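Take a look at the structure set out below.
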Amino acid sequence: LALADIPHVECRLTCWYLRTSGQMKKDETREWIGVLTRAVQVLDGSAPLKNFLGVVLTVGNYMNGGTNRGQADGFGVDALGKLS
């Protein structure tokens, strides 16, 4: 699931940010949303990142083969912290 597939993602991110950080000036909020939007676009368009995440999923499925965790369709971001 890509962030771009989430309905009204920019609005949702704005609301989440304002709820967690308190009131901010409009200009600061727009700037933050712009930075976050550009970051999402860069990450979403990154073929090397997509390939890397595909390798992580493939290796995880191989390591978990024969268990109920094998052949997963995805993994949590927290799993990336376990890589060494």
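All values reported here derive from a predicted model rather than from experimental measurement.
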Could you tell me which non-hydrogen atom of Leu43 sits nearest to which non-hydrogen atom of Leu49, and how far apart they are?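 Here Leu43 and Leu49 meet closest at CD2-CD2, 3.7 Å.
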With the 4.5 Å side-chain cut-off for hydrophobic clustering, are [X] and [Y] part of the same group?
X     : Y     : value
Val77 : Phe52 : yes
Met63 : Leu57 : no
Val55 : Leu83 : no

Check whether any side-chain N or O of [X] sits under 3.5 Å from a backbone N or O of [Y] as a donor-acceptor pair, and report yes or no.
X     : Y     : result
Asn64 : Gly60 : yes
Lys50 : Gly45 : no
Arg12 : Ile6  : no
Asn61 : Gly70 : no
Thr58 : Gly54 : yes

Spacing of CD1 belonging to Ile33 relative to CD belonging to Glu10, to within rounding of 0.5 Å: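 Rounded to the nearest 0.5 Å, the CD1-CD separation comes out at 6.0 Å.
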Quick one: NE2 on His8 to SG on Cys15, what's the gap to the nearest 0.5 Å?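 His8 NE2 to Cys15 SG: 11.5 Å, rounded to 0.5 Å.
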Could you go step by step and tell me if Leu53 and Leu80 meet the side-chain contact (heavy atoms from CB on, under 4.5 Å) rule? CA-CA 9 Å; Leu53 295 175; Leu80 296 174; 4.0 Å; yes
Could you go through Leu36 and Tyr17, starting from their C-alpha distance and side-chain angles, then the distance that decides it, and tell me whether this counts as side-chain contact (heavy atoms from CB on, under 4.5 Å)? CA-CA 11 Å; Leu36 184 58; Tyr17 182 71; over 6 Å; no
Would you call Thr29 and Thr14 a side-chain contact if the rule is heavy atoms closer than 4.5 Å?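 A side-chain contact exists here, since the closest heavy-atom pair is under 4.5 Å.
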Run the side-chain contact (heavy atoms from CB on, under 4.5 Å) check on Glu28 and Glu31 step by step: do they pass? CA-CA 5 Å; Glu28 291 172 342; Glu31 182 180 344; 5.6 Å; no
